[in-house]
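Below: one structure, written as structure tokens.
Below, chains carry the letters A, B, ... as their sequence lines are ordered, and counting in each starts from 1. Since the structure is predicted, the reported quantities are computational estimates derived from the model, not experimental observations.
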Protein chains: 2
Amino acid sequence: MKPDSDKKPGAPTIKDVAERACVGVGTVSRVLNGGNVSARASLRVEQAIRELGYSPNSSARRLRTGRSGTIGFCTRDITNPLFSVMARAIQDRLEEDGFMLLVSNAFDDPVREREMVRRFIDQSVDGLILGPSTEDAGQIVEQATAQGIPVVVLDREAPEPAVRVMSEHIVGMQDATRYLLDLGHRDIALSTISSAHLAGRNRVEGFRRAFAERGMAAPEHRIIQGDFTRDFAQKAARHLLLGPNPPTALICGATPILLGTLPVIHAAELSIPGDLSLVSCDDIDVTQLYRPAITVVRRDIHEIGRIAAQAVVELVDGTDMPEHTSFSISTELVVRNSCAPPETLRGPQGRAN
Amino acid sequence: MKPDSDKKPGAPTIKDVAERACVGVGTVSRVLNGGNVSARASLRVEQAIRELGYSPNSSARRLRTGRSGTIGFCTRDITNPLFSVMARAIQDRLEEDGFMLLVSNAFDDPVREREMVRRFIDQSVDGLILGPSTEDAGQIVEQATAQGIPVVVLDREAPEPAVRVMSEHIVGMQDATRYLLDLGHRDIALSTISSAHLAGRNRVEGFRRAFAERGMAAPEHRIIQGDFTRDFAQKAARHLLLGPNPPTALICGATPILLGTLPVIHAAELSIPGDLSLVSCDDIDVTQLYRPAITVVRRDIHEIGRIAAQAVVELVDGTDMPEHTSFSISTELVVRNSCAPPETLRGPQGRAN
DNA sequence: CTGTTAGCGCATTCAT
DNA sequence: ATGAATGCGCTAACAG
């Protein structure tokens, strides 16, 4: 075999393109990245690129420029519709600017989260989006900022360089509670996530405010907070629903809480809304398709993702600071069929079976 | 500017470590990657690393070695529980070997899929996992293989270098259909995905086989196939259920199909299983929590992800070929309360309202 | 066992 | 406007 058409099997490099186009590598680089190139040279280079099927080696480029074209998204658990929907929205938006998305699950474990972030940084992501967690993002933001990596946090506290995208959980829960109050409920239970989460704190706050608004004190003994597992939710639901004087209404303050609670409701053969009025937070397939359809505090998850993605992109690409350092996502109470006035108000004829 | 004590703010490099440990960079590299190093030198290097807070620059490493430590997962839509659960399983497994996961959504669009894969390759992923799609993976496998990138495909055809993880859709659907047949149903409808998908073809095949088994011909006019959208499912359900002689049982051959069908069932005020027996494919929150709970053909999604991840890792790390080039995932019929004998067999007393 | 050296492919400076 | 040269940080091949 003569060194005939014996090309190197490796992908063509910028040098190959330069040779073929009879120009220097600098010129090729310039047409690629938009420098000053004469029309003639530019044309020749472009043709060479086409003929060779050349594509810039991203590893070399990222070594040279320090930018990778990737963004890391640290979720609690991608299996949660909240995060998978966000992930999709983020990815859709990121695509517009040519970024790719790296994901991970931290399972609400601060140690794991830091480890994941470390690995993201290690992979030299250009930006970071952090899902809610039990911990402040302070340490992580600091760590990332030290490397010049911008971070956007979702529903959690974070020091200044970070951009925050916050949901109006207080108002949302206040609306839900008020709705139940207006229906005549007084003994309303709230099963939600730990106050270690901003969302947990805020939801409890909104719950209390709704009662305060009416000059009443919230039933503190009906507030149960725990971690983000169905397991916790199930225990909480048993405690709440299976006791001697069950509440007339229950608000589930997170999707996993609802999913852990429903089986208990089924097992106890409680009818909704006959025996129990039910409200959940975040609208998912289950809340829409369950019969009766479940009333929820909805927020636009897709928009949250879009905004977060948009923010990182601006932070990464932009030369100047972003307009906003904090975004607020509103909520909306979607009334469906899972709530009714409490039995006591419907007369003593018993359950409407 | 004078080269004062002006330390570079940049992260410490292998050279810094070498100097501090009074060894050559080669030695540092060796302790990092496991070469032959004396205990003494090794100790000193490790200390220097700790003191400097050194972390190898992954961009340089990937340029040098051609390996990135990332795997790309191309899904149809990460929002589908099927894929989010897979993604989580894949990621969990990948983590064990230090890989990170890049995800994307192709929305069943072959053009988009190729574009996503191109970008994955561009990002120099070490391996590729492809979710099911309307197209054979031939072209993509070829493209990836040319770059030495191994690919694992899920529920789709692919030429040899690729590893396939296939679900036993034929048997699964056959079991489901047989179950309905045994219950006494004859007029069974199947709403499933296009035959352009392997899963679509196989599900129809299983459906037919169950009838053939009994010496009957499958009701071909009751088979509707379309794309993976709720929209299609809704139209199909309307066509099937709202006509003059609705079937007595319906099998939904994919999660989006079920989700698009349920609203039609609700609107038509059909009772399950009174008016219609219902079976779905893939067990999700909705099938478990819906009342009545929905009978499903289940497969272990988590295991599919685990196997796929394990396979890529072996392909990437391994020097030798993997043991298997194809895996088969079994299915299981989970009987719940959404099916009953057809009305005709339960006597003429009409609906049990 | 160890230090030195040569690139990996690219963007970028510097002369021209 | 452009070609040549430099080095990003690392690994691997080499010579000791």
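- Checking Gln143(A) against Gln139(A) by side-chain atom types alone, no donor-acceptor pair falls below 3.5 Å.
- Comparing dC10(D), dC10(C), dA1(D) by their closest approach to the side chain of Ser38(A) singles out dA1(D).
- Atom-to-atom, CG of Leu43(A) to P of dT2(D) comes out at 12 Å; the value is rounded to the nearest Å.
- Regarding contacts with the backbone of dC10(D), every side-chain N or O of Asn57(B) stays at 4.0 angstrom or more from both OP1 and OP2.
- One atom, CZ of Arg44(B), and another, C1' of dG3(C), lie 13 Å apart when rounded to the nearest Å.
- Remark: the Thr75(B) side chain and the Asn80(B) side chain contain no N/O donor-acceptor pair separated by less than 3.5 Å.
- Look at CZ on Arg62(B): it is 24 Å from P on dG7(C), rounded to the nearest Å.
- Remark: side-chain polar atoms of Arg119(A) are paired, donor with acceptor, to backbone N or O of Phe99(B) under 3.5 angstrom.
- The nearest pair of heavy atoms linking Ile78(A) to Ala87(A) is CD1-CB, 3.8 Å.
- Summarising the geometry, the separation between CD on Glu19(A) and C1' on dG9(C) is reported as 14 Å, rounded to the nearest angstrom.
- Looking at which nucleotide of DNA chain D each of Arg40(A) and Ser58(B) is closest to, the 5′-most match is held by Arg40(A).
- Contact annotation for Ala18(B): no contact, since no heavy-atom pair falls under 4.0 Å across all strands.
- Between the side chain of Thr134(B) and the backbone N or O of Ala196(B) there is no donor-acceptor pair closer than 3.5 Å.
- Relative to the ring axis of Phe107(A), Arg112(A) does not place its NZ or CZ within 45° and under 6.0 Å from the centre.
- For Ser42(B) and Pro12(A), each mapped to the nucleotide of DNA chain C holding its nearest heavy atom, the one lying further toward the 5' end belongs to Ser42(B).
- Heavy-atom nearest nucleotides on DNA chain C were determined for Val37(B) and for Ala60(A), and the one closer to the 5' end corresponds to Val37(B).
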Q) Which letters describe nucleotides 11-16 of chain C, given B = protein heavy atom under 4.0 Å from base, S = only from sugar-phosphate, - = neither? A) BBB---

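- The separation between Arg67(A) atom CZ and dG9(D) atom C1' is 20 Å, rounded to whole Å.
- In this structure, a donor-acceptor pair under 3.5 Å is present between the side chains of Asp108(A) and His197(A).
- One can place CG of Asn36(B) at 15 Å from P of dA13(D), the figure rounded to the nearest angstrom.
- Summarising the geometry, the separation between CZ on Arg20(A) and C1' on dG3(D) is reported as 20 Å, rounded to the nearest angstrom.
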